[in-house]
Amino acid sequence: MPDTQHIPKAALYYYHGSVWASVPLLALEEKGYGSDEVDLKEVDLAKGENFDPSYLRLNPHGTVPTLVVPLEKTLSPEIESRYKAIQDTRAIVEFLDKSRSAQSRTHTTSSAPSPSLAPATIAFSTLSNQIVELLHSPTADPNALFYMNARSDDELRALAGKLLPFLHGRRDKLATLLAESESGAVQASEKTKAFWQMKKIAAEKFIQVFEDANKSAAELSDEGRQRRDEYLQSAKTAWGALADVLGQLHKDMIGPYVLGDQVSIADLHLAAWLARIATLTGASASEDGNTVLEKIEVHVGDGFSLPKDFSIAEARRRAGIAATNVDSTERQNKLAAFWDAIKERPSWKKVYGNGLH
């Protein structure tokens with residue numbers, strides 16, 4: 001057993017409500033990392049902590065997750081450790097996968113199994129990359145849908161109550177940083193100040209719409225009415241486009257997991273993405289796949305539904321789940337089968353045990 005007191009650790013910067021920060025959290029569990037091997041450091045997005053100069057030095061985009069890792073050649077206790085920051089979810093998960101394996105020289109305090117999450121064949125690698133790229137595409141962006149989850153005046157009022165405190169916290173933090181940079185209390189480059197200003201303007205655009213949410217259309221100014229109409233139309237377009245994403249996922253994945261019966265990197269991205277979409281449609285972690293996907297289909301609207309052409313019994317057999325009281329003729333869509341399979345895994349229960357996000 002290595003002397004862990006002298007081994008520099010990696011640090012994962014995350015936010016408990018972040019969809020993409022959940023992917024490396026799932027990876028840590030799936031790969032069997034010990035609880036003392038990676039320091040978890042929460043960055044409160046609701047307070048705008050991701051805009052602090054200290055965090056921007058790690059990640060100039062101000063996003064989570066960020067994984068800060070010691071460079072391999074500086075792991076010895078007699079050498080001062082040097083670090084690098086990995087700022088992309090996909091790169092972070094690939095790093096975590098490779099860093100704990102039979103071939104890795106990374107120190108570990110865990111005796112848990114460390115299955116490879118990388119696809120085993122070129123064909124599977126192509127499919128995995130295709131799915132991950134789709135999930136991270138602008139059309140599938142779960143963070144955009146988070147802000148655009150209202151397509152009527154009533155839905156807008158409900159959403160405003162949830163999002164305004166979050167948006168106010170971010171705007172106020174940015175306003176403070178900009179004021180302190182002008183006074184000299186905070187040292188920031190012109191590039192950083194421009195970044196803060198851009199993010200402040202983006203927050204204010206949503207705040208303007210949401211602060212007027214309790215007004216009727218007749219009470220709105222001409223500008224306010226235009227802002228609301230544009231928002232609602234954009235929200236309808238965004239959710240309408242999601243139908244194509246869901247259909248493509250159902251078509252491309254093998255089932256119940258993306259590559260069949262083995263969990264891979266693509267499944268971690270899909271699990272986090274689908275959990276966010278489910279949250280936005282009012283689903284809960286305790287519900288089964290059929291119920292969750294029905295809620296998603298209803299929320300997408302316009303009569304959208306995925307084909308139920310995947311055997312429930314076969315899905316459970318591949319996932320190693322008991323198929324008690326399941327008729328051999330019963331069918332469900334592949335995303336419902338995926339949900340039923342992934343929610344039984346310890347990694348899912350650890351990350352989503354307190355609810356979806």
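All figures in this text were calculated on a predicted structure; none of them were measured in a lab.
At a cut-off of 3.5 Å, with distance as the only test, no side-chain donor of Y33 or S99 sits close to an acceptor on the other residue. Side-chain N/O atoms of T329 and D327 include a donor and acceptor closer than 3.5 Å. Side-chain atoms of Q332 and N290 form a donor-acceptor pair, as typed in the model, at a separation below 3.5 Å. In this model, no donor atom of one side chain and acceptor atom of the other lie less than 3.5 Å apart for T139 and S137.
Ring geometry, F210 versus F206: the interplanar angle falls under 30°, so the pair is classed parallel (tilted spans 30 to 60°).
Under the ring pair (Phe, Tyr, Trp, His ring centres under 6.0 Å) criterion, the residue pairs touching residues 252-285 are H136-H269, with sequence neighbours excluded.
With salt bridges taken as basic N to acidic carboxylate O contacts below 4.0 Å, none links R90 and E94. Using a 4.0 Å cut-off between charged nitrogen and carboxylate oxygen, E230 and R227 do not count as a salt-bridge pair. With respect to the salt-bridge test (charged N to carboxylate O, under 4.0 angstrom), the residues E29 and R345 do not qualify. Salt bridge status for D36 with K9: absent, with no side-chain N to carboxylate O gap under 4.0 Å.
Ring centers of H357 and Y352: under 6.0 Å apart, within the cut-off.
Judged by distance alone, with hydrogens and angles left aside, the side-chain atoms of D212 form no donor-acceptor pair with the main-chain N or O of G224 at under 3.5 Å. For E49 (side chain) and D44 (main-chain N/O), a donor-acceptor pair under 3.5 Å exists by modelled atom type.
The side chain to side chain contact (heavy atoms under 4.5 Å, CB included) check on K349 picks up E344, with sequence neighbours excluded.
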